[in-house]
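As structure tokens, the structure follows; a few thoughts come after it.
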Amino acid sequence: MAELALLAPEPLIAGGKRPGQVTSEILATTERRASPLWWAGFLVAFGALAAGIASVAYLFSTGVGTWGLNNTVGWAFDITNFVFWIGIGHAGTLISAILYLFRQRWRTSVNRSAEAMTIFAVICAGIFPVIHLGRPWLAYWIFPYPNTRGPLWINFRSPLAWDAFAITTYFLISLTFWYLGMIPDLATLRDHTPSRFRRRLYAFFSLGWDGSFRTWLRYETVYMLLAGLATPLVVSVHTIVSWDFATSVIPGWHTTIFPPYFVAGAIFSGMAMVLTLVIVARKVMRLEDYITPRHIDAMCKFLLLTSGIVGLAYATEFLTAFYSENRYEQFVFLNRALGPYAWGYWIMVVANVLIPQLLWFRRLRRSTAAVFAISILINVGMWFERFIIIVTSLHRDYLPANWTMYRPTLIEVGTLVGSFGLFFTCFLLFCRFLPVISMSEVKGAIQFGRSRPGTPAPEESPLPAEVHP
Amino acid sequence: MASRLTAILLALASAYSLLLLRPKIGSFRLPGNQQGYEPVQPIAYSHRLHAGELQIPCLYCHFSAERSRHAGIPAASICMNCHRFVTAPLGALRAEDALASKEKRAPRLIVSPELQKLYDALALNEKREPDPSRRPRPIAWVRVYRLPDFVYFDHRAHVNAGVACQQCHGPVETMERVRQVSDLSMGWCVNCHRQANQAGINGRQVHASTDCAACHF
Amino acid sequence: MTRRLLIGLYETEDDILAAAEAARLRGMKVVDVYSPYFVHGLDRAMGLPPSKLPWVCFALGVSGAAFKVWFEYWTTASNWPVNVGGKPWNSLPAFVPITFEVMVLFAGLSTVLAFFLVSRLWPGRGAVPLAPRTTDDRFGLVIEETAYFDAPAVRRFFEESRAVEICERMMEEAA
Amino acid sequence: MRADEPKRYWKSLAEREGGAAYSERAAAEFDETPFAAGPLGSRRSFLQAAGFSFAGALLAGCRRAPVEKAAPWLEQPEEIIAGRSYYYTSTCGACPAGCGLLVKTRDGRPIKLEGNPDHPLSRGGLCAVGQASILGLYDSLRPKQPLLRGRAVSWQEADREVLKALAEARRSGGAVRYLSGTLTSPSRLRMIRQLLSGLPDGRHVIYDTLPAAAVLDAHERTHGVRALPHYRFDRANVVASFDADFLGTWLSPVEFTAGYSRLRRPFEQSPQMSYHVQFEARLSLTGSKADRRIRIAPEELPWYLAQLCARLEVKAQRSSGARLESLPILDDVAERLWQARGRSLVVCGAEHLDAQLLANYANELLGNYGTTLDLRRPSLQRQARPGDFAELLEEIATGRIAVLFLDGVNPVYDLPDGEQLARRLRKLPLVVSLAERLDESAEAAAVVCPDQHYLECWGDAEPVRGLFGVQQPLIPPLRGRAALESLAIWAGAPKSAADIVRETWEREIFPRCKAKEESFERFWERVLHEGWVEAEIEHPGPAFNPAPAQASLHRVTRPAVAGLTLVAYPKIALLDGRHAYNPWLQELPDPITKATWDNYACLAPATARKLGLTDGDMVRLEAGPERAVELPVLVQPGQHDNVVAVALGYGGHLTRRFANLGPRWLGWRPSVNAGGYVGENIAPLLERDGGTVRWTRSGVRLVPTGKRLALAVTQDHHTLTVPPRLAAADLGRRPIIEETTLEAFQKDPRAGAQGHPPPAEDLWPRDHTFPGHRWMMFVDLTACTGCSACVIACQVENNVPVVGKDEVRRKREMHWIRIDRYYSGPLGDVDVAFQPMMCQHCEHAPCETVCPVLATVHSSEGLNQQVYNRCIGTRYCENNCPYKVRRFNWFDYARDDRLANTVLNPDVTVRSRGVMEKCTFCVQRIQEARLEARRRGEPLRDGEVQTACQQSCPAQAIVFGDANDPASKVSQLLKSGRAYRVLEEINVRPSVTYLRLVRNRREAEEEERHG
């Protein structure tokens, strides 16, 4: 990988850490009292979660009618949020698995939080297909189980059934991957924590890990196997999500470009979300030495690449519609760009394609504030991308008599806010109680880029930090 | 050593509790499954006696099974077709006669307490003549076989296709009190339809649809 | 039978690599190495063969996929064929996505479970750390006393190979 | 009729009366069926409970369902078997048109009205209002008991009060007036005569809210008889209609539609259709079907008629010297009429004497009297005499009335000075109302003796002279007392309604019918079985006197048209507001505007643009001093620029009941306006001219208020052309509706085809053959008038809930069949096309593939099945439906009114919250017909299965049947060149085929319009 060559000269971890220092510094966040900033963040997130719970409770008690949907637009915020969160959930596994397979050692600083983000994002995503049901208490019917109805199985031809399997698999594999990566660190925590209660807890979850190298060897094999499985899984999951749309007959949905387009979009939005979180985390938790501008820089380049792919997809859609000579297809795309939801379309184009182009400038890539702002904008843009795909394709489809407009209700907004609340609540709890950075991996990577392994590295790298192509 | 003992004790305890719970577990049914339901009816009408011993055809009373969705519970007037004349078993009548002559009174016309309920429902007096001072009151039987409201079962289709009543209702002619024999689950319906399509009914080719809309609309 | 284990604790990756290799080459009985992270090259230094877990992964992945394809075919085309949108009874292309997912699920979960089984890891298993700080920043080389290399010889070896700390454990073994 | 068929009619009075006695008893008993009123509430809860079964699985102790009792009859009725539907004949009482009915009853209650296919007027059709009128029977707000000054009292007490006043009037010679709408019931008229004859000053005054008095007056002058001709559209090859909405609301729409559409079915075998030209100010349903539509201001109408007459005079060489002005369109119309003389028809709906005289003259010149206009058997509808009514109002004003009876009229609501009238009524010694429900006039009456619904009492009708229909009670009375019985009591000879009706028929009708039966009994049996009977008419048609018409011809001049003219009009569903209580009708989208739950000010696009108004802007409509109503604007293409059109029938007290309609949640908004009514009453803006309320008023003003009101319309985009900037120039129009001209059709039956048939070969193996039946539906777009009868028929048949204005506004209406209406052509002079759209039952249904739980799958007979109890509500099917015909239960739509629930069809599941539903092709009817055929051991014949929409369609535009039966009607239609399928190119292979819309135009004309 070219990336490797570019990154090799600069140390991955600044400050010339020694392994013991790594342990104490990373565990510091879990062992000292929570900072007021953490509490503030937690309360905000929990408040949002409470709003979401209230919205969903109201939804369950009253009906899906409390959302702004109608006979023509059967999905809007619900599936937008679902695809959005699933997309977010993709960067975690991507960073962990794909970069692991490509031996991108810079991943060690961010993979843990990225994987946690995946888990929480998939939880957030998984909620929506359930709550959007008319009769959510029957959601389990989507799985085939022996029953007294004949037995009546499920429709394996339905992309929603595929979805159910894909998301379940993705969640389980991601969870396993995350947990597996955390076992050595949990053992470290177990041996490090002064609290008896916590020791017992960590002891339970660390499964009796003792750092035996024979286990380590198998562990590395399993980890690599999982990474190898997770990589096509990431691609398949978002491909399947895109098939929810691509296999339909609705113009604007029925497009073969969707799988690569969605996967690229997912990685794009996921990476942006990782950036947002990591930038906050390194500041709040004083992990600047572990998450260095180099990491951010590398992720920015990834953003630039995926933004390009997404932009290309936007253009391609218009091109296919143009040469299809299909009146319905052409209309849908013109309606996106010029119709009543044009504002959403242009937010999407600006935020996802135009603004990320700023990342061509190295100075901006190195400015955490700028990257933070751009990453947030990308998240907004990617949310709108899904909204536009779903709503504008539905609200004006084949028969003009069916055309309607969609307007969200407060309950829907509350549910969206609630999903962010859930995500950040989980993430903040994770930061508080688990090592946000994979200690065992960082310890293995601290020598990387240093002139002589094992000895303290100079403060500044003697080599040029980066070679421009 | 102590832990091993505890484990053995625990295993024994759980085995014992399983043994205790066995009837409960054996009778476990999914919700909605009323198989084995055998409610007490307002009149202790015996299908064993009428359909079994006396061999009255099912369709004599449940005649609408041929022409309607519902098999129907016969009207009291159908009962009266016979019970206008038959008021009790011969033995009971003789016993009453004997008792009456012993007590030196006229024998009562209505001996059976169950038939008394029928005559009461029709507001008949002791001579089984309409009693204008009383109001007829219909007999509220307890429904045994019940399907959810989203299922449309049609007796007419089955009876005319030659499906025996006992196929679903079991040996009613042997039951004192009617019991729900089949579990009335969808799988039970569908399997019968499948078998009928393959094997026919009484050697006759039939088309028993397994379309959803055969029952759900 | 009682086994006498000697543990040398090292501070750096290079030291443990050198020490483990040296111990093996000298013919000492290297029981295990305990390390806070995966040290590349240590398997070669210790002469450990590669793990067989990939075979488990492959076998279970394939059987998961096979089971799912069969199950999908059986439910949709055989057990109760239902006309869905005019699609053929056996809509094989439509079965691919779930088959793939189930393959990954089977392969992934079973590999991890196999790993836990082989490595004897389970919740609540009490860990017996042979040496302190091996989950933090120390590398522990565990060598068993044998007839050729008695305890003092091993201790000497540890001191020569820059061990920062040496300790001993006695282990009862049934077999 | 075979003895064993499901349709069963009464065979004898004794039998029927026995039945009534039985059903009275039956109603008191429990019902054996699980679908009767009682357990209905539990159906929904059961669905829910089934849903929670997973949770229930954990509670092993609670596994027994609640005990359900079943009480059979005590006395087995001979004819009735529980669970079977029986059909009885009756006559529709929703309006005086008197269409023939077959009432479907189940276990002692009517549940659906169907047109009687043998009825000579309606021929099997039934309009939306008629279909919906069954809900009136189960209206729980109808008063049970009489009211004496607002207090519920016993019948004896009410009768005492009335009899006392009548006795007083008899003694003192006080005036007794009986005010009613047009009554076509011979029995009712006889009883009124009987009541009034015993009084010194008793008079029956007839007053119509939807009058045709000018037609009557015109015929009085030209023919010497005050009669309303029986228009025979089934014989008219050329129709020129001047503001007569004969397909929608004028006189007898079902009959007219049936006749009209018979001549408008171009097929290859007979590529002919009638020609229809419409002159009108607003866009009416009838105008929307016209081959040629000319927008005229209401004031210009007599002049146009005069010009037509002048041209016809010339052609008939009977010119009276009227001046001919250059009007090429009229030249063409006159020519066509002349070519079809004797088979043409000029009708005029305006309440304008000159116009009506001229229309008569035109018909006379064309020789249409005796062929397309029947005066020997005149229509007996709309018999009002405005003069009498004016006199009565005068009498009321001066208080010279002792007793006033109000029967089926609501003048307090209808009249511009209704409030004043109400005050005056309260001052009268005694006002007795026979209203079915408490409307404005009943509220002003001292005594209310509620009449019964026509399905629960005896009655009869004579809509056209010599054609008698009978009404029979089909349920023990739920509310009120039959007006016939009230009248008999007040006349001093109490008698049951059954006896009264029988007596009338025996004495008055039987002798006139020259029946083949010897005895009345046998005759009566036949009448009850058939529902109607025709009597002989002896007198010849009257002679024509041209003088008054010619005078009009010379009197009428062309008026100057300026300013805004208010035009009040009856809507298809609401008419004059008598059915405003009916939520089905309130929620029925107007076929033209597609609006529900409101009336509004329709403005022509040019006018709206000039005033800067768009849909939903609130305006104050001001007429005269201090008369104003605030209404939302609705821009109506095709309307005359100088006209504001507002619907009648809204804003009445009967609509107050809808205040809490619809699912209650945070975002809920009421279906009524701030005043508590649905819509606004427009009557205060109109002018009363003696006994006539003028429906047009010139010189009204529109003042924008700056407020807005979201109209509950079901269609937002009105054309098949997408907004121009959103489409490439040549791809803007969507080939959803295909249309052609008659001329093109005659050259090529496939003319106008635009679709791309899908490739014959299939990607998949042919796994799905349909060896048994293959159900298909055809919809003839040429025949369909958009009247929406099918919508209500479907709603009744399939238990479709009412959702309320707020839900409709949110585009969540539940109708399984909707009528898409598309405009084309220039905005001022639009062409209208209607397209009934329901589930297309696609062979390659996109909805089925995407449902994860197999809740919607295909049947072996080509039906797209929706299994409610399996549905979990992903709505994926709805999204993936290219026709968007699926309907989702967003909430648990209210079914709180137990009495109203009685109307539910026990053969169709009531859907709970969170499940999808849609048109099933009336699978319950297929199932019923199939099982009955099997029971008889016969194959299912073509036509035995009729869907509800097909059954009610007055134009017979819908055909349903088995495409695997080579002799079936659908198999024949499949071969038609007009057949096309919507969105054929996406290869979903729908089972619904449309027959191309053909307009009787020349190709050049069409090109000129759309070129």
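Quick note on labels: first sequence line is chain A, next is B, and so on, each numbered from 1.
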* Tell me, for C:Asp43 versus chain A, whether the close heavy atoms (under 4.5 Å) come from the side chain, the backbone, both or neither. => both
* To do: Give the ring-plane orientation class for A:Phe262 versus A:Phe258, where under 30° counts as parallel, over 60° as perpendicular and anything between as tilted.
  => tilted
* **Over all atoms of both residues, closest heavy-atom pair of A:Pro435 and A:Leu189** => CD-CD1, 3.5 Å
* **Proximity breakdown for A:Leu225 and chain C, heavy-atom pairs closer than 4.5 Å** => side chain
* To do: Please state whether the rings of C:Phe158 and C:Tyr10 are parallel, tilted or perpendicular, taking 30° and 60° as the class boundaries.
  => perpendicular
* Heavy-atom pairs under 4.5 Å with chain A are the metric here; pick the option from C:Val82, C:Thr75, C:Val112, C:Val56 that has the most. => C:Thr75
* To do: Would you mind telling me which of C:Leu109, C:Val102, C:Val118 has the largest number of heavy-atom pairs within less than 4.5 Å of chain A?
  => C:Val118
* Proximal component of C:Phe38, with respect to chain A [non-hydrogen, under 4.5 Å] -> both
* Structure fact -> Max heavy-atom pairs within cutoff under 4.5 Å with chain A, candidates C:Asn79, C:Thr76, C:Leu42, goes to C:Leu42
* Asked: Between C:Met103 and chain A, which part of the residue has a heavy atom less than 4.5 Å away: side chain, backbone, both or neither?
  -> neither
* Asked: Looking at A:Ala161 and A:Ile154, what are the two nearest heavy atoms and their distance?
  -> CB-CD1, 4.0 Å
* Asked: In terms of heavy-atom pairs under 4.5 Å with chain A, which of C:Asp15, C:Val39, C:Leu48, C:Thr111 leads?
  -> C:Leu48
* Asked: Would you call C:Glu168-C:Arg155 a salt bridge at under 4.0 Å N-O?
  -> yes
* Asked: Is it the side chain or the backbone of C:Val30 that comes within 4.5 Å of chain A heavy atoms, both, or neither?
  -> backbone
* Asked: Nearest heavy-atom pair of C:Gly140 and C:Ile7: which atoms, and what distance?
  -> CA-CG2, 4.4 Å
* **Polar contact flag, side-chain donor to acceptor under 3.5 angstrom, A:Tyr219-C:Ser119** => no
* Asked: Taking only residues two or more places apart in sequence or in another chain, which ones pass side-chain contact (heavy atoms from CB on, under 4.5 Å) with C:Leu117?
  -> none
* Quick one: what part of C:Phe139 sits under 4.5 Å from any heavy atom of chain A, side chain, backbone, both or neither? -> neither
* Non-hydrogen atoms of chain A under 4.5 Å away: do they reach the side chain of C:Val31, the backbone, both or neither? -> backbone
* **Heavy-atom contact with chain C under 4.5 Å, split by part of A:Phe156** => both
